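Below: the structure, in structure tokens.
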Amino acid sequence: MTIDTIILRLGEIYPPGKFTSSDPFRCLISTVLSQRTRDEVTYSATEKLFSRFGTPSEIACAGTDEIEALIREAGFYRTKAPRIKEIARIIQDEFKGKVPDNMETLLTLPGVGRKTANCVLVNGFGKDAIAVDTHVHRISNRLGLVATKTPEETEKELYRTIPKEHWKYINEFLVRFGQDICRPVGPKCGACPIIDLCPTGTSRLTGIK
DNA sequence: AAAACGGGGGC
DNA sequence: GCCCCAGTTTT
């Protein structure tokens, strides 16, 4: 099966498990920080924030300007800082300090959309889901796994196409793959480990189309 | 449907 | 120095 080959080869390049040991709250906050931001920067900003504050109540009580200073390098800090503070307050006040473990409730939090919620469900709670961002959406279409216009359609199609055992790897593998090889513009098809499985890349290398 | 948010990294 | 980037909310 081609999807098995894709997962196998990407797994050799990107050893999994970078996200899976995070506790749900840290996972939630770091995922909000990661929105429209490269992951190395996200790790750094998350580390700075959590080396200063460890719990929802601590972040809820912190000054917005102090949070801004800690997460500044992740970008959009004037939007993200108050959101993080509000998320922490809601987790503490309305959910007894526990991050919700279902899509419907997660979506009620400020700054949490479908992609962020799925990341929390997969990486924070070990649930079966696929977090579809622009990388997953783009690459799934390039590989011909789907033919879709929106991330929501892509997610739906991937659930039909991909065996459940692989779901948890999809986001992490494709994001990293999408950052250093299968980039939005100027993909490095010559260095691609799955070029033989890619209609788009194969035609690019052979000069066809 | 489109705008707005932003510092960091590649070239 | 210019251009691009792990979404979500607001207009």
Side-chain angles (χ1 to χ4, degrees), chain A residues 10 13-20 22 24 26-50 64-91 99-100 103-124 129-143 145-146 148-156 158 167-191:
Chain A
L10 293 183
I13 304 182
Y14 309 116
K18 198 158 189 174
F19 299 92
T20 49
S22 296
R26 182 171 172 135
C27 179
L28 169 59
I29 298 301
S30 77
T31 306
V32 170
L33 282 175
S34 82
Q35 290 165 3
R36 299 295 294 172
T37 308
R38 293 167 181 279
D39 59 354
E40 313 82 44
V41 180
T42 299
Y43 301 146
S44 172
T46 301
E47 187 52 42
K48 282 178 183 148
L49 182 66
F50 277 85
T64 303
D65 51 348
E66 188 175 4
I67 297 175
E68 282 184 0
L70 290 167
I71 67 170
R72 192 170 196 281
E73 66 191 317
F76 298 104
Y77 59 92
R78 284 198 304 262
T79 304
K80 288 172 180 174
R83 274 187 188 161
I84 286 170
K85 187 173 152 79
E86 176 64 1
I87 287 172
R89 186 197 67 75
I90 295 172
I91 298 286
V99 176
M103 172 65 69
E104 184 186 0
T105 313
L106 283 168
L107 288 179
T108 66
L109 297 170
V112 177
R114 196 170 176 85
K115 181 266 175 183
T116 300
N118 270 328
C119 275
V120 171
L121 292 173
V122 173
N123 299 321
I130 301 177
V132 178
D133 51 47
T134 54
H135 283 307
V136 176
H137 180 60
R138 177 186 72 256
I139 294 168
S140 297
N141 276 282
R142 275 187 183 167
L143 287 172
L145 293 175
V146 301
T148 51
K149 288 213 161 53
T150 67
E152 289 75 17
E153 292 174 64
T154 300
E155 185 186 345
K156 203 172 170 185
L158 290 180
W167 289 1
K168 61 173 169 290
Y169 301 117
I170 298 297
N171 183 268
E172 179 172 1
F173 285 1
L174 293 195
V175 164
R176 295 170 70 179
F177 179 54
Q179 284 183 162
D180 55 49
I181 296 176
C182 197
R183 302 178 299 187
V185 297
K188 299 195 275 191
C189 296

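Just so it is clear, the model here is predicted, and its values are computed rather than measured. So you know, we letter chains A, B, ... as the sequences are listed, proteins then strands, and number each from 1.
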No-hydrogen, no-angle side-chain donor-acceptor test under 3.5 Å, A:Thr148 and A:Thr154:
yes

inquiry  = For a quick test of reading the model: is some side-chain N or O of A:Arg78 closer than 4.0 Å to OP1 or OP2 of B:dG6?
reply    = yes

- Query: P atom, C:dT11 versus B:dG6: distance in rounded Å?
  - Reply: 15 Å

Sugar-phosphate only, base, or nothing, as touched by A:Thr37 at under 4.0 Å among non-hydrogen atoms: base

Atom CD1 of A:Ile181 and atom C1' of C:dC5 are separated, to the nearest Å, by 18 Å

Review point. What is the nucleic acid contact for A:Pro151, judged by heavy atoms within less than 4.0 Å: base, sugar-phosphate only, or nothing?
Key: nothing

DNA chain B nearest-nucleotide lookup for A:Arg183 and A:Arg72: closer to the 5′ end is A:Arg72

From CG of A:Leu109 across to C1' of C:dT9 the rounded distance in Å is 14 Å

note: A:Asn118, atom CG; C:dG7, atom P; distance rounded to Å ~ 14 Å

Taken to the nearest whole Å, CZ/A:Arg83 to P/C:dG7 is 13 Å

Q.
Looking only at side-chain N and O atoms, does A:Glu153 offer a donor or acceptor that is under 3.5 Å from a partner on A:Thr150?
A. yes

- Task: Please say whether the positively charged group of A:Arg26, taken as NZ for Lys or CZ for Arg, lies over the ring of A:Phe50, i.e. under 6.0 angstrom from the six-membered ring centre and within 45 degrees of the axis.
- Result: yes

| said: Within the 4.0 Å heavy-atom criterion, would you say A:Thr31 contacts the bases, only the backbone, or no part of the nucleic acid? | reply: nothing

With the side chain defined as heavy atoms from C-beta on, A:Arg36 is closest, among B:dG8, C:dT9, C:dC5, to C:dC5

**Asked** Any side-chain N or O of A:Tyr77 less than 4.0 Å from the OP1 or OP2 oxygen of B:dG7?
**Response** yes

Taken to the nearest whole Å, CD1/A:Ile84 to C1'/C:dG7 is 14 Å

Exercise. Does A:Thr134 have a side-chain nitrogen or oxygen under 4.0 Å from the phosphate oxygens OP1 or OP2 of C:dG7?
Worked result: yes

Between NZ of A:Lys80 and C1' of B:dC5 the distance, given in whole Å, is 9 Å

Between A:Arg138 and A:Leu107, whichever has its closest DNA chain C nucleotide further toward 5' is A:Arg138

Against the side chain of A:Thr116, the closest entry in C:dC5, C:dT8, C:dT9 is C:dT8

Q) Is the shortest side-chain N to carboxylate O distance from A:Lys48 to A:Glu73 below 4.0 Å? A) yes

Separation of C:dC5 atom P from A:Asp180 atom CG, nearest Å, is 15 Å

**Asked** Checking all strands, does A:Ala74 fall into the base, sugar-phosphate, or nothing category for heavy-atom contacts under 4.0 angstrom?
**Response** base

Assert: residue with more 5' nearest nucleotide on DNA chain B, out of A:Phe76 and A:Val41, is A:Phe76

Looking only at C:dT9, C:dC4, C:dG7, the nucleotide nearest the A:Arg38 side chain is C:dC4

Comparing A:Gln35 with A:Pro184, nearest DNA chain C nucleotide closer to 5' gives the residue A:Pro184

- prompt: Under 4.0 Å between a side-chain N/O of A:Thr79 and OP1 or OP2 of B:dA4, yes or no?
  reply: no

I'd like to know whether the aromatic ring centres of A:Phe173 and A:Phe177 sit less than 6.0 Å apart in this structure. no

Between CZ of A:Arg176 and P of C:dC5 the distance, given in whole Å, is 20 Å

query: Touch check for A:Val136, heavy atoms < 4.0 angstrom, all strands: base, sugar-phosphate only, or nothing?
result: nothing

- Query: So, A:Asn118 versus A:Glu155: side-chain donor-acceptor pair below 3.5 Å or not?
  - Reply: yes

